[in-house]
Amino acid sequence: MLDDKVRVEEMDEDDDFSSAKQDAYHLFLEQIKGYPVYNNEDNLRLIAEYQAESDPERKAEIQDEIVTGNIRLILKVSNEIADAFSSQSSKDRKENLIMDFIQEGSSGMISAIKDFKAEMNTQFSTLATIYIRNAIFSFLTNKLRVIRIPSHILRKRKLIQNAFEELQKKLHRAPTAAEISARLEGQFSEEEIAEIQDSMNTSSTVPLDVGTDEESSFLDFLPSSDPTPEEMALAQESMEQLRRGFLMLSDMERDILLSRNPMDGSKKKTLNELAKEYDKSVERIRQIEENAKKKLKDFMQSE
């Protein structure tokens, strides 16, 4: 299987881990030069064999063969998505992301193999591309716990939080849900308040303030270990929207924003570090970062 051919061992140091991924990326590019390139007929023949096969080991072998023969498609999709979250001056970041995306994209292709039916009247690569993209976006969603929270929910949170803080000062203790409900003149039931408080205690806001209105951020992190299909679909839509937003930034804006808010597990860079890297003042770097955030926010509002 692909992940047996290119495997990166876990390391304690971020720099070592990043270097290992980059080495694996270049090794991977060398390896796939010798891989076959399957056309639609090859794919359909192998999928038919896979569906007719009853032996689990042989089925796994066929899966691996199809993934290997279509690895360039996985690389192409991974590269396109990584482009949005990296820049020309951040080659290392892009290579790290691509290695993660290839692993997830391979899983997506295996799902496409299982779900493909001849009566779909479409090429396997068309379905596989959809599954590869969905697998990568699901990976990003899982990694960042990205879910958009509707503005009316955020307004409820704000009202409840304000009432909580007012009562806490007055009572010199944490108020109960019943007391908060009474303070808000019964706008929300005790059950609603308890539920919203629980979600507030387990969520935080994404660092990029690119909301679609003044009261909400574009994305929120919800640490849900088992998101619903609707949440996952919304999260993937949000990630695709964010990807398009990053693509319209300049190379420098994208690099500075991603260096300040890394998505590949690398260490966050300080304004001082970026000022030295770009030979600009700290204040100028801060301005570029803020301008990039504003561009993203304007983009989201126009979508």
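Here the structure is a predicted model, which is why all the values come from computation and not from measurement. All heavy atoms count here, side chains included; hydrogens, waters and symmetry mates do not.
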Working note: Glu253 + Ser250, criterion side-chain hydrogen bond (donor to acceptor under 3.5 Å, both in side chains); need CA distance, chi angles, decisive distance, verdict. CA-CA 5 Å; Glu253 288 170 336; Ser250 71; 3.2 Å; yes

Partners passing ring-ring contact (aromatic ring centres under 6.0 Å, His included) against Phe124 (at least two apart in sequence or in another chain): Phe116

Please check this pair: side chain of Ser181 against backbone of Ser189, looking for a donor-acceptor N/O pair closer than 3.5 Å. no

Under 3.5 Å donor-acceptor, Arg72 side chain and Ile32 backbone: yes

Just do the salt bridge (charged side-chain N to carboxylate O under 4.0 Å, His left out) check on Arg286 and Glu289 with the steps written out, would you? CA-CA 5 Å; Arg286 188 194 65 77; Glu289 181 184 5; over 6 Å; no

How about Asp55: does its CG atom have over 12 heavy atoms from other parts shown lying under 6.0 Å from it? yes

Taking atom CD of Glu185 as the centre, report whether more than 12 heavy atoms of other residues, nucleotides or ligands fall under 6.0 Å from it. no

Test side chain to side chain donor-acceptor pair (under 3.5 Å) applied to [X] - qualifying residues, sequence neighbours left out:
X      : answer
Asn40  : none
Lys33  : Glu30
Glu49  : Arg58
Glu290 : none

Would you tabulate the side-chain donor-acceptor contacts of residues 163-170 under 3.5 Å, counting partners in other chains and residues two or more places apart, or write 'none'?
unit_1, atom_1, unit_2, atom_2, d
Glu165, OE2, Gln161, NE2, 3.1
Glu166, OE1, Arg183, NE, 3.2
Glu166, OE1, Arg183, NH2, 2.7

With sequence neighbours excluded, tell me which residues meet salt bridge (Lys or Arg N to Asp or Glu O under 4.0 Å) with Glu190. none

Checking Glu53 now: which residues fulfil salt bridge (Lys or Arg N to Asp or Glu O under 4.0 Å) with it, not counting sequence neighbours? none

Leu29 side chain near Leu75 side chain, heavy-atom distance below 4.5 Å: yes

So do Ile71 and Gln31 actually touch side chain to side chain, heavy atoms under 4.5 Å? no

Going from CD on Gln123 to CG on Asn39, what distance comes out if it is rounded to the nearest 0.5 angstrom? 9.0 Å

Does [X] have any side-chain contact (heavy atoms from CB on, under 4.5 Å) partners at least two apart in sequence or in another chain, and if so, which?
X      : answer
Gln187 : Leu159, Leu184
Val282 : Leu271, Asn272, Ala275
Ser111 : Tyr131

What salt bridge (charged side-chain N to carboxylate O under 4.0 Å, His left out) pairs are there with at least one residue in residues 101-114, not counting sequence neighbours? none

Carefully, step by step, assess Leu171 and Glu179 under the rule side chain to side chain contact (heavy atoms under 4.5 Å, CB included). CA-CA 10 Å; Leu171 301 172; Glu179 289 168 334; 3.7 Å; yes

